[in-house]
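Convention: sequence-line order gives letters A, B, ...; per-chain numbering from 1. Atoms considered below: every heavy atom in the structure, side chains included; atoms not considered: hydrogens, waters and symmetry mates.
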Protein chains: 2
Amino acid sequence: MRRADAEQPAQSGAEESAVTLEMVAREAGVSPSTVSRILNGTARVRDTKVRAVRAAIAKLQFMPNNAARTLAGGRSMSIGVVTQAIDSPFYGEALAAIEKGLLRSNYSALFVSGHWRESDERKCIDHLVSRRVDGIILVTSCLPDAELQRLSRTVPLILTGRQVEGERIQCLDADSTPGARLATDYLIGQGHKRIACIGGPVNHPDAEQRLDGYKAALSAARLAYAKQLVVAGDYSDAGGYAAMNRLLDTGAQFTAVFAANDQMAYGAMLALHRRGLVVPRDVSVVGFDDLPTSSFTIPPLTTVHRGIAEVGESAAEAMIELVEGRSPRVRLGGATLAVRESTRPLR
Amino acid sequence: MRRADAEQPAQSGAEESAVTLEMVAREAGVSPSTVSRILNGTARVRDTKVRAVRAAIAKLQFMPNNAARTLAGGRSMSIGVVTQAIDSPFYGEALAAIEKGLLRSNYSALFVSGHWRESDERKCIDHLVSRRVDGIILVTSCLPDAELQRLSRTVPLILTGRQVEGERIQCLDADSTPGARLATDYLIGQGHKRIACIGGPVNHPDAEQRLDGYKAALSAARLAYAKQLVVAGDYSDAGGYAAMNRLLDTGAQFTAVFAANDQMAYGAMLALHRRGLVVPRDVSVVGFDDLPTSSFTIPPLTTVHRGIAEVGESAAEAMIELVEGRSPRVRLGGATLAVRESTRPLR
DNA sequence: GTGGAATTTGAAACCGCTTTCAAATTAGCC
DNA sequence: GGCTAATTTGAAAGCGGTTTCAAATTCCAC
């Protein structure tokens with residue numbers, strides 16, 4: 001082999017030939033095993049050697065090859081994170097939190113998005129599996145329970161937004177029902193009796209919970225559930241806008257709206273604005289999620305706060321516990337209502 | 001061989017022992033090299049064997065071990081993507097686009113965020129390098145030119161938002177000056193003469209471009225540049241809110257504002273609203289970036305559209321060209337103005 | 001049918017690190 | 001000091017692929 005060439009510092013457009021652990025070992029006058037042990041802290045090593053190795057590492061600017069580590073060690077030190085749309089503010093916040101939660105450990109995150117499509121999500125997950133991630137965090141999943149259970153035999157799972165049984169599945173209990181209940185109760189407490197609801201996509205577990213909370217609040221207050229006051233959206237601004245327009249077009253009477261997420265609330269508020277209706281004077285609006293932007297809408301949005309960031313961070317921490325073999329114990333705070341300026345007492 | 005054992009589906013909480021290429025080879029009655037060749041298309045293989053191997057792969061549900069591939073092949077088939085904050089809507093959109101652009105290839109993205117801090121960004125990049133990414137896309141970077149040039153010797157770079165010379169550095173020319181000029185020109189064309197500006201973080205190349213565009217428009221229209229009409233923000237909603245309050249507190253007179261990004265425009269609009277000023281009746285507001293939400297603010301925001309998504313996708317495609325050894329040729333469309341309802345002619 | 005070129009194949013080396021196992025060293029104790 | 005026990009160390013065998021190189025086939029023209 002042209003080792004002579006290799007000794008030359010790489011110039012030109014060519015890639016610098018990487019420093020290997022073996023080169024470090026040679027430089028420090030020890031065996032590769034010793035270097036590895038120092039790197040991983042897997043065994044005691046005489047102090048003089050530790051120092052020599054550290055010096056060699058610094059001198060050569062050694063950076064362990066992750067692929068080799070993964071292959072030899074059987075662990076990739078990376079966690080797959082599945083979301084549905086990386087560009088939604090909701091997932092953005094969750095991802096940032098997961099990134100933060102993983103930070104203190106040596107694990108790093110691999111983000112992929114399923115776009116609310118089973119096939120896409122499946123492909124993403126295959127991808128993660130072939131990359132041998134040590135665990136997968138699913139921030140909402142479109143796949144059926146059985147499939148997740150099967151997957152959990154290959155790799156441990158953390159799941160938010162849904163409850164699925166399984167030895168190696170840890171669910172962060174994030175039932176949305178109480179949050180939706182809280183929001184609706186608040187409106188009722190403010191004297192509203194005709195409360196519309198812009199729901200999430202039908203057949204989506206989380207969306208159903210939010211609708212259930214709304215219904216529960218109504219029935220607890222002995223208010224009739226009026227089907228014509230409920231319209232489905234798709235969790236997007238545009239969807240909320242369209243939903244509100246449909247609602248308005250039917251001529252239904254209401255003094256308040258509960259939107260199943262903040263983005264739809266934004267859209268709904270714009271639709272109201274376009275019709276000359278002022279929030280909260282004419283209609284009170286409550287959202288769900290408390291996105292960072294919700295403090296800056298006009299008017300600032302009253303919304304259910306559940307600490308997306310907190311959930312994300314907990315998920316990350318739980319995942320670390322899980323892959324390190326401990327059993328995580330997660331307790332999440334409940335939902336609270338961030339009361340801002342999009343609601344008012346009825347009189 | 002305990003083939004009998006191997007046939008049992010894996011049970012219990014134990015991880016399923018992964019299927020290896022060698023098992024596929026045995027099952028198909030060929031050598032591992034042949035399987036590899038079929039997998040990668042690196043050589044012709046007799047058709048009967050191809051079929052046998054495909055069948056074996058399907059039967060065993062073989063999924064190549066990515067770490068082994070990376071180690072042996074020297075390519076990780078992954079691209080590092082550096083942003084500053086994964087939870088900002090701007091980066092969210094960019095990341096989604098990059099993900100999309102990479103989709104058709106076999107490369108996948110590794111997202112990391114630098115949080116506008118040099119040290120964080122440096123750490124992220126080291127991380128990517130140790131994971132042997134085949135290329136790095138920097139959607140804005142805080143590091144000095146020289147450091148990027150040094151980095152480019154290790155791995156090819158794609159850089160947006162800044163121009164840095166280098167053999168293996170490809171810059172997507174995304175000079176913000178013309179966009180800012182466009183926005184300010186529009187306000188001037190609408191008859192505004194006293195135009196305030198909420199700038200980005202000082203010392204940030206991109207922010208400076210946006211300020212330059214603003215100044216250029218003023219001077220082209222022979223309008224005086226008034227220092228008291230310019231305040232610095234930090235590209236966040238809260239920053240825009242605070243900046244507008246400072247502006248208002250000084251008692252400066254203005255009929256329009258150019259905010260260096262949409263999020264600051266949101267904050268500014270809220271600050272105006274709180275003081276009883278109506279947009280656009282009392283003050284016209286123009287933003288920059290055209291975030292998806294900007295169509296749904298109240299009022300919908302007039303803003304500079306530069307196709308973040310387009311930039312992201314181009315970056316991804318250029319990166320593929322680059323790592324495949326071709327030389328990318330990217331031409332981006334210029335900035336346009338999305339005229340909505342936050343501006344009005346002065347009279 | 002035969003020789004030689006072209007095409008397919010498999011054996012084996014290697015990618016860079018971890019880890020086992022046994023040898024070498026050091027420590028502890030009588 | 002001598003002997004055993006405890007601690008450090010290095011050699012070598014993988015991890016699961018890719019790739020080189022030469023052997024084995026197949027092809028083709030004569």
Side-chain angles (χ1 to χ4, degrees), chain A residues 1-3 6 15-53 56-57 60-78 106 129-134 154, chain B residues 15-53 56-57 60-78 106 129-134 154:
Chain A
M1 238 177 306
R2 321 123 303 137
R3 178 154 309 261
E15 201 164 320
E16 274 177 16
S17 64
V19 179
T20 70
L21 177 144
E22 200 192 328
M23 292 161 73
V24 171
R26 216 188 332 262
E27 169 81 26
V30 301
S31 78
S33 344
T34 301
V35 178
S36 170
R37 283 192 269 256
I38 292 173
L39 243 41
N40 301 296
T42 40
R44 284 211 56 72
V45 171
R46 197 165 308 284
D47 208 50
T48 61
K49 306 211 171 187
V50 173
R51 260 194 293 277
V53 169
I57 289 178
L60 301 178
Q61 300 219 56
F62 170 64
M63 225 174 243
N65 179 322
N66 200 69
R69 281 187 127 167
T70 300
L71 183 57
R75 306 188 318 163
S76 65
M77 299 306 283
S78 61
N106 283 313
V129 170
S130 115
R131 280 196 133 68
R132 297 296 191 273
V133 294
D134 298 324
T154 304
Chain B
E15 203 165 318
E16 274 177 15
S17 63
V19 179
T20 70
L21 175 143
E22 201 191 329
M23 293 160 74
V24 171
R26 211 179 346 252
E27 170 80 27
V30 301
S31 77
S33 343
T34 301
V35 179
S36 170
R37 284 193 268 256
I38 292 174
L39 243 41
N40 302 296
T42 40
R44 285 211 53 71
V45 170
R46 199 164 305 284
D47 207 49
T48 60
K49 306 212 172 187
V50 174
R51 261 193 293 276
V53 169
I57 288 177
L60 301 178
Q61 300 218 55
F62 171 65
M63 223 174 245
N65 179 322
N66 200 69
R69 283 188 123 167
T70 300
L71 183 56
R75 304 190 318 161
S76 64
M77 298 307 283
S78 60
N106 282 312
V129 170
S130 112
R131 280 194 132 70
R132 296 298 189 273
V133 293
D134 298 326
T154 304

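Counting all heavy atoms, side chain and backbone alike, A:Glu27 lies closest to A:Leu60 at CB-CD1, 4.1 Å. When all heavy atoms of B:Val45 and B:Val50 are compared, the closest pair comes out as O-CG2, 3.6 Å. Across A:Arg131 and B:Met77, no two heavy atoms sit closer than the pair NH2-O, 3.3 Å.
Rounded to 10 degrees, the angle separating the terminal helix axes of the helix from C:dG1-D:dC30 to C:dC30-D:dG1, each built from five base pairs, is 30°.
When the C1' atom of C:dC17 is taken as reference, atom CZ of B:Arg69 falls 20 Å away, rounded to whole Å. Taking atom CG of A:Asn66 as the reference point, atom C1' of C:dC15 lies 14 Å away to the nearest angstrom. Distance CG (A:Leu21) to P (C:dC15): 14 Å, rounded to an integer number of Å. Atom pair A:Met63:CE and C:dC17:C1' shows a separation of 16 Å (rounding to whole Å applied).
Heavy-atom contacts of chain B under 4.0 Å fall on DNA chain D between two terminal nucleotides, which in 5' to 3' order are D:dG16 to D:dT26.
Remark: B:Arg75 engages B:Glu324 in a salt bridge (Lys or Arg N to Asp or Glu O under 4.0 Å) (not counting sequence neighbours). Residues passing the side-chain hydrogen bond (donor to acceptor under 3.5 Å, both in side chains) test with B:Asp47 are B:Arg51, sequence neighbours excluded. In this structure A:Ser33 satisfies the side-chain hydrogen bond (donor to acceptor under 3.5 Å, both in side chains) test together with A:Ser31, sequence neighbours excluded. For A:Thr20, the side-chain contact (heavy atoms from CB on, under 4.5 Å) criterion is met by A:Glu22, A:Met23, not counting sequence neighbours. Not counting sequence neighbours, the partners of B:Ala28 by the side-chain contact (heavy atoms from CB on, under 4.5 Å) test are B:Val30, B:Ala52, B:Val53, B:Ala56.
Residue contacts shown for B:Ser33 include a base, since a base heavy atom lies under 4.0 Å away. Using a 4.0 Å heavy-atom distance criterion, B:Asn40 is classed as a sugar-phosphate-only contact. Within the nucleic acid shown, A:Ser36 comes within 4.0 Å of at least one base atom, counting heavy atoms only.
Across residues 42-49 of chain B, B:Arg44, B:Val45, B:Arg46, B:Lys49 each have a non-hydrogen atom less than 4.0 Å from an atom of DNA chain C (numbered order).
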Cut-off 3.5 Å, no hydrogens considered: what does the side-chain donor-acceptor table look like for residues 63-70 of chain A, sequence neighbours left out?
| residue | atom | partner | partner atom | Å |
| --- | --- | --- | --- | --- |
| A:Asn65 | OD1 | A:Ala67 | N | 2.7 |
| A:Asn65 | OD1 | A:Ala68 | N | 3.1 |
| A:Arg69 | NH2 | A:Asn40 | OD1 | 3.0 |
| A:Thr70 | OG1 | A:Asn66 | O | 2.9 |

Apply side-chain contact (heavy atoms from CB on, under 4.5 Å) to residues A:Leu39 and A:Leu21 and explain how you reach the verdict. CA-CA 10 Å; A:Leu39 243 41; A:Leu21 177 144; 4.1 Å; yes
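For the pair B:Gly73 and A:Val30, both in contact range of DNA chain D, the more 5′-proximal nearest nucleotide belongs to A:Val30.
The list of salt bridge (charged side-chain N to carboxylate O under 4.0 Å, His left out) pairs with a residue in residues 32-44 of chain A, not counting sequence neighbours, is empty.
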